[in-house]
Student: 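Sharing a structure, written as structure tokens. Questions coming.
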Amino acid sequence: MLGGDIVKRSVRIASPESVMSCQFPSSNAQIAAPRWAVWAAWAAWATVLCTVPSCVWRLALGFGVDVGFTGRLGSMYTGTSITVYVLILSVASQAAACLTLGLVKPWGERVPCWVPRLGGRRIPPLAVVIPAAAGAIAVTGLCAAVTLVPRGPLDNPDFPHGTAGVIMDICYAPLLVWGPLVAALSIAYARRRRAGEQSDEPAHHGSETRPPELPHGARSVSCLAKARL
């Protein structure tokens with residue numbers, strides 16, 4: 001019965017398979033996931049997957065595979081330095097893409113329970129929306145600069161051509177949707193958080209009653225109890 005009550009009071013967040021229950025119960029009411037939340041879950045995973053082909057291509061370059069660079073670039077993109085650079089860039093890009101999942105997952109709204117002292121605390125919406133929106137603008141601008149600017153990097157004669165050039169284009173083409181997807185997810189996240197806050201407002205105007213903030217020890221016990229249910 002206790003587990004059923006927690007599920008009924010949980011914030012609903014969409015997933016590709018079904019509408020999932022948030023791990024953190026709402027203070028007052030259940031929030032039904034809007035219809036656009038289903039596509040948001042798919043879009044979040046798409047942002048992760050769209051970075052994989054270019055990551056694999058870069059790793060191949062970093063570990064000595066001939067991907068088609070010639071001339072000065074062919075000699076530049078070899079050695080230990082390019083391997084280290086490719087590894088750092090690949091890890092950073094995949095980590096940034098995986099953070100997009102926070103826009104549709106419970107840990108994007110509250111700090112996970114296992115985080116010392118902060119576990120269970122509510123994350124301010126702007127602390128998520130602003131970095132996500134900035135990232136979307138940066139990625140979109142970078143992709144536009146590389147692909148649309150005349151005499152850009154792609155016009156360099158030392159870049160891969162022929163079959164190697166086609167392979168590189170196929171691997172990097174998915175990145176064109178990365179920025180727009182993050183922008184759309186940021187809007188969806190802001191809308192969902194706004195709807196949740198509105199549903200938690202007191203029924204009577206002028207009332208400022210809010211549930212008390214649990215101390216760290218109580219939050220840890222609550223998180224542990226929910227994890228065992």
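This one's a predicted model, so the numbers in the text were calculated from it and none came from an experiment.
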Student: For Pro174 versus Cys171, what's the shortest heavy-atom pair and its separation?
Tutor: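 In this case the closest contact between Pro174 and Cys171 is CD-O, 3.5 Å.
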Student: Do Leu142 and Ile88 sit in the same hydrophobic cluster, where Ile, Leu, Val, Met, Phe, Trp and Tyr count as joined when their side-chain heavy atoms come under 4.5 Å apart?
Tutor: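 Different clusters: Leu142 never reaches Ile88 through Ile, Leu, Val, Met, Phe, Trp or Tyr contacts under 4.5 Å.
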Student: Suppose we screen for ring-ring contact (aromatic ring centres under 6.0 Å, His included). Which residues come up paired with Phe63, at least two apart in sequence or across chains?
Tutor: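 Once residues adjacent in sequence are excluded, Phe63 has no partner under the ring-ring contact (aromatic ring centres under 6.0 Å, His included) criterion.
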Student: Are Val139 and Val177 joined in one hydrophobic group, where the rule is that I, L, V, M, F, W and Y side chains link up if heavy atoms are under 4.5 Å apart?
Tutor: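 Val139 and Val177: separate clusters.
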Student: Mind checking the OG-CG spacing from Ser75 to Asp158? Nearest 0.5 Å is all I need.
Tutor: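 So the OG of Ser75 and the CG of Asp158 are separated by 8.5 Å.
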Student: Are Pro160 and Phe69 close enough that some pair of their side-chain heavy atoms sits under 4.5 Å apart?
Tutor: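 In contact.
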Student: For Trp178, does its backbone N or O pair with a side-chain atom of Thr47 as donor and acceptor, under 3.5 Å?
Tutor: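 No, because the side chain of Thr47 does not come within donor-acceptor range (under 3.5 Å) of the backbone of Trp178.
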Student: Supply the atom-to-atom distance Leu181 CG to Trp45 CH2, rounded to the nearest 0.5 angstrom.
Tutor: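 Spacing of CG (Leu181) from CH2 (Trp45) equals 14.5 Å.
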Student: For Thr147, give me all partners under side-chain contact (heavy atoms from CB on, under 4.5 Å), at least two apart in sequence or on another chain.
Tutor: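 Per chain and number, Thr147 pairs via side-chain contact (heavy atoms from CB on, under 4.5 Å) with Leu154, Leu176.
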Student: Flag yes if more than 12 heavy atoms outside Tyr85 fall under 6.0 Å of its OH atom; otherwise flag no.
Tutor: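 12 or below, so no.
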Student: So, taking the atom named OH in Tyr77 and the one named OG1 in Thr83, what distance separates them when rounded to the nearest 0.5 Å?
Tutor: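 Reported to 0.5 Å precision, the distance equals 13.5 Å.
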Student: Counting C-beta onward and ignoring hydrogens, is there a side-chain heavy-atom pair between Leu87 and Leu59 closer than 4.5 Å?
Tutor: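 A side-chain contact exists here, since the closest heavy-atom pair is under 4.5 Å.
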Student: What's the spacing between Leu175 CG and Ser54 OG if we round to 0.5 Å?
Tutor: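 The OG atom of Ser54 is 4.0 Å from CG of Leu175, to the nearest 0.5 Å.
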Student: Using the rule that Ile, Leu, Val, Met, Phe, Trp and Tyr join whenever any side-chain heavy atoms are under 4.5 Å apart, tell me whether Phe159 and Val146 fall into a single cluster.
Tutor: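 The answer is yes; both residues are in one hydrophobic cluster.
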Student: Looking at every heavy atom in both Ala136 and Gly179, which two are closest together, and how far apart are they?
Tutor: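 Ala136 and Gly179 have their closest heavy atoms at CB-O, 3.4 Å.
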Student: Less than 4.5 Å apart, side chain to side chain, heavy atoms only: is that true for Pro112 and Val115?
Tutor: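 Touching, per the 4.5 Å side-chain cut-off.
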Student: Are Arg122 and Glu109 close enough that some pair of their side-chain heavy atoms sits under 4.5 Å apart?
Tutor: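 In short, these two side chains do not touch, never coming nearer than 4.5 Å.
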Student: Give a yes or no on whether the backbone of Gly108 and the side-chain of Tyr189 come within a donor-acceptor separation of less than 3.5 Å.
Tutor: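 A pair under 3.5 Å: yes.
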Student: Output side-chain donor-acceptor pairs under 3.5 Å for residues 91-104, partner residues at least two apart or in another chain, one line each.
Tutor:
{"residue": "Ser93", "atom": "OG", "partner": "Arg58", "partner atom": "NH2", "Å": "3.1"}
{"residue": "Ser93", "atom": "OG", "partner": "Leu89", "partner atom": "O", "Å": "3.1"}
{"residue": "Ser93", "atom": "OG", "partner": "Ser90", "partner atom": "O", "Å": "3.0"}
{"residue": "Gln94", "atom": "OE1", "partner": "Thr51", "partner atom": "OG1", "Å": "2.6"}
{"residue": "Gln94", "atom": "NE2", "partner": "Thr51", "partner atom": "OG1", "Å": "3.4"}
{"residue": "Thr100", "atom": "OG1", "partner": "Ala97", "partner atom": "O", "Å": "3.0"}

Student: Is it possible for you to say whether Leu61 and Met76 belong to one hydrophobic cluster, with membership spreading through side-chain heavy-atom contacts below 4.5 Å?
Tutor: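 Yes, it is one cluster - the side chains of Leu61 and Met76 are joined through contacts under 4.5 Å.
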Student: Between Ile123 and Val128, does the side-chain contact (heavy atoms from CB on, under 4.5 Å) criterion hold? Intermediate values first, please.
Tutor: CA-CA 8 Å; Ile123 300 175; Val128 177; 3.7 Å; yes
Student: If hydrophobic clusters are built from ILVMFWY residues whose side chains come within less than 4.5 Å, do Tyr172 and Val52 share one?
Tutor: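 Different clusters: Tyr172 never reaches Val52 through Ile, Leu, Val, Met, Phe, Trp or Tyr contacts under 4.5 Å.
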Student: Looking only at heavy atoms, what is the nearest atom pair of Ala164 and Gly68, with distance?
Tutor: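 Residues Ala164 and Gly68, closest heavy atoms: CB-CA, 3.9 Å.
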